[in-house]
Each structure stands twice: as structure tokens, then as C-alpha cells.
Amino acid sequence: MNSTTLILKMSERNFEENITKAAHILKQGGTVAFPTETVYGLGADALNPASVRKIFKAKGRPADNPLIVHIASMDTLDEIAKNIPPIAVELMDIFWPGPLTFVLKRKNTVPDVTTGGLDTVAVRMPDNPVALALIREAGMPLAAPSANTSGKPSPTTAGHVMSDLVGRIDAVIDGGVVKVGVESTVLDVTSGIPVILRPGSISVETLRKHVGEVLVGYTDMEIEEGELVRSPGMKYTHYSPDTRVVLVEGESAAVLAKISELIDNYSQKDMCVGLLITEETAEHVYADKMYSLGRRDEPEDAAHNLFAGLRYLDSKDADIDGRDADVDVDIIIVDGSVKQDGVGAAVFNRLRKAANELVKV
Ligand code: AMP
Ligand code: MG
């Protein structure tokens, strides 16, 4: 394990210098966390098995969960993937650099550890100047899953990365708060009609507009409605704070009524309540600790705020993201009255997976 993690804080003045330092660490086989437009990624040489193993170890990630390979040029794509279908090329033209990952047939240059032993590889070109400069300077494709402890909410600031991985990775580049806030859309283009394996900020509606038929191949459900505990056999947890999370989903008036009732019930049991809440609902309720998801009809804001909010409400630290967080809540209630289309599908996918209990009203 690494005992110290170098923090490289980006400014205009030291951009090149920091990229050079970080690229050097990657060339030596080390791990560097860096901002992308979606969330912070934990990068290492995607073609070097020993480097990629360090990612799995630092995150505590199960070995059969494959990594996305990040590239900065189309030449690199040809080195790692084959049989790239025209529909993928068309979408790359439109959305790269950007938050769209393609699952493609892999070439043997990509080691098993990167793909979890699959004969496919997930690839994307991130839309962030730090990420692109780092990949170029390192001269290698970077395997880069979200830079969090496996199972925890994804990191949208360098502070989140440090709170999970300090001492476990070689460096983090602090490039400020990310733009999107949820991970990329993952699209499998290996067998005819494209299939969305994970929703992201590029929605199914948008993809269908460009290429016609697109299938939805994921499920949001790790728990059934009304179920109180996660089933013990469930394989992996996702995006989950340590604190118990209750998601209240439905039409706005009903959600407000239910949240008010829950706050009363928990308060009577002397429980300290945290709320991840839309601006509209927040006008009518109050709790010990609150974090805004933004406005109901702006799922982009909810995407941007959701992981930071879960981390803030879960934290007992005196200071997180420049906020005083030292209230220790017993339960987090999430306001599910946000619009569910567009990036809203990705927001609810993450929220449903993060939740221990789903209340539909
Ligand atoms: P993360 O890197 O944490 O954002 O997660 C990457 C996501 O991409 C996970 O949901 C993986 O299961 C998925 N993924 C990566 N590679 C492949 C692949 N070859 N086939 C299918 N899914 C993949
Ligand atoms: Mg992840």
C-alpha cells in the first residue's frame, strides 16, 4: 500500500508541470486519480496487468467487474478494439469526446485483468482537458473506474477521492468539481442492435434520435419495493453511504406528504434525519441536515448534486466540500420527485441502487 498520496492542485500556471508529474507516475506503473467530465477516475496503464491490479486493490473492487479504458485519440482505439461497427463510429463522431462508453470486441493487447476476462473491452474518450492531456502525456490508454472505495458513492471532487483512497493511491489531480456528476452511458455495440448496459447523461431518447433502435439492458432494482433489507445474496452494493437510505418516489404532492410523515415518525423515535431534497419540497419541510438536489424539472442538477449530497449527509466530518457536516444522521431520506426522463433515468438508477428502502407513493 502507498503511504502517501501526492495532491496535484491544478491552476493555469502549473497545468503542464502537474500533467508531467502525473504522467511520470503512470509510466512507472503507478495510480493517479483525475477529473473527467462525469466523475473522478482512478487511472493506471490499461495495458499493464500489474498497474491495473493496483486499481482493483485500492478500490477493493471485485475482480470480475471490468474497467473502462480511456483514450485520447482514434489511433489508440484501433490498438485495443476490433470489428468496430459503423453505428459505433457514427456515435463516436457525434459524442466523443464525451460521456458515452462503447463495449467492443477487444484485441489481445488488452490484458484479462482490465476486462474481467471478457473478450470485449469498454472504451471512451473523456471530455475534460486534464484527462485528455494526462492520457496524451502518459502515452497510454488509461483504465479508470470511478475513484471511490468500491460500493460507495462516486467522487465528484478531489476531496471525495482523498476521503476514500488517501494512502492507497499514488496521486490525485485536483481539477475542481466535475461537470456531469454521474458516470458515462455504457452502450454494447457487439451484437446488432445497441444495448444500454448502464444509463448515463446521454439518454436512451438521445441515442434513439441518432441511430434508431436502442435496447435497454439494465435494471435499476437491487431491492424490491417495500423491502427492508438488501437480500443477503445480492452480489455487489453500489453508490451506498454507510447511513441507511430511504428513497421516496412518486408524484410531487404525494412525495412531500410521505416525507413529512417519515420525518415525524423518525423524530418521534429520536432519530436524527438527513434530507437529500428538491428545492420545491424543501420549502415545506425541515430536518437536522439537508442537501439540495436542485429543482424537480432539472435532472441535470440532480445528477450534479446526488453523489456530493449522499457523501455530505453520510459524513461526520467537521468539513466536507467546504461545508460544516458534523451532524451525525441516523437516516437519509431522498426526495424522488425529480423528473425521470433524460439524465433523470441515470439519477434514479443510482438512487435506487443506493437505497436500502424504496417507498413508492
Ligand atoms: P466504473 O468504471 O466504476 O464506472 O464502471 C464501469 C462499468 O462499465 C461497469 O458497470 C462495468 O460492468 C461496465 N463494463 C466495463 N467493461 C465492460 C465490458 N467489457 N462489458 C460489459 N460491461 C463493461
Ligand atoms: Mg464505479
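The basis for the numbers below is simple: all heavy atoms, side chains too, and nothing from hydrogens, waters or symmetry mates. Counting convention: from 1, in listed order, for ligands and their atoms alike. These figures come from a predicted structure and were not determined experimentally.
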Could you tell me whether a side-chain N or O of His304 sits under 3.5 Å from a main-chain N or O of Val178, the two making a donor and an acceptor?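 Yes; judged by distance alone, with no hydrogens or angles, the pair exists.
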Side chain Lys179, main chain Thr38, donor-acceptor under 3.5 Å: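 It does not hold such a pair.
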Heavy-atom nearest neighbour in the protein, as seen from [atom], with distance rounded to 0.1 Å:
atom                    : answer
atom 2 (O) of ligand 1  : Pro145 CA, 3.0 Å
atom 12 (O) of ligand 1 : Asn65 OD1, 3.1 Å
atom 17 (C) of ligand 1 : Pro66 CG, 3.4 Å
atom 3 (O) of ligand 1  : Arg61 NH1, 3.0 Å
atom 22 (N) of ligand 1 : Leu197 CD1, 3.8 Å

If you take the nearest heavy atom of each of Glu183, Arg198, His70, which one is closest to atom 4 (O) of ligand 1?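 Heavy atom nearest to atom 4 (O) of ligand 1 belongs to Arg198.
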Just to be sure I'm reading this right: ignoring hydrogens, which of Ile68, Asn148, Val103, Thr101 gets closest to atom 8 (O) of ligand 1? Compare them by their nearest heavy atoms.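 It is Ile68 whose heavy atom sits nearest to atom 8 (O) of ligand 1.
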Would you say the Mg ion (ligand 2) has Ser154 as a near neighbour, meaning an N/O/S atom of that residue under 2.8 Å away?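 So Ser154 does not count as coordinating the Mg ion (ligand 2).
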Non-hydrogen atom of Thr115 closer than 4.0 Å to ligand 1: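 Judged by the 4.0 Å heavy-atom criterion, Thr115 does not count as contacting ligand 1.
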Would you please determine whether Arg106 falls within less than 4.0 Å of ligand 1 on a heavy-atom basis?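 Heavy atoms of Arg106 never come under 4.0 Å of ligand 1.
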Counting neighbours of CG on Asn108 that are heavy atoms of other residues, nucleotides or ligands and sit closer than 6.0 Å, is the number greater than 12?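 Open.
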NE2/His210: more than 12 non-hydrogen atoms of other groups inside 6.0 Å: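 Enclosed: over 12 neighbouring heavy atoms sit under 6.0 Å from NE2 of His210.
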Please determine which of Lys105, Lys82, Arg106 meets the salt bridge (charged side-chain N to carboxylate O under 4.0 Å, His left out) test together with Asp119.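 Considering Lys105, Lys82, Arg106, a salt bridge (charged side-chain N to carboxylate O under 4.0 Å, His left out) with Asp119 is found only for Lys105.
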Does an N or O anywhere in Thr120 fall below 3.5 Å from an N or O of ligand 1?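 Looking only at distances, the answer is yes, because the N/O contact criterion of under 3.5 Å is met.
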Find the distance between CG (Asp170) and CD (Gln28) and round it off to the nearest 0.5 Å.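 Reported value, rounded in 0.5 Å steps: 10.0 Å.
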Show which atoms of ligand 1 fall inside a sub-4.0 Å distance from at least one heavy-atom site of Leu118.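 Listed by number with element, the hits are 18 (C), 19 (N), 20 (N).
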Taking non-hydrogen atoms only, is Arg124 closer than 4.0 angstrom to ligand 1 via side chain, backbone, both or neither?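 It is neither part, as no heavy atom is under 4.0 Å.
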Strictly by modelled atom types, are Arg198 and Ser184 linked by a side-chain donor-acceptor pair under 3.5 Å?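 Yes.
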Test: Glu183 and Arg124 ion pair at under 4.0 Å: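 The answer is no: the pair does not qualify as a salt bridge.
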Salt bridge present between Arg311 and Asp164 (N-O < 4.0 angstrom):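 Looking at Arg311 and Asp164, the cut-off is met.
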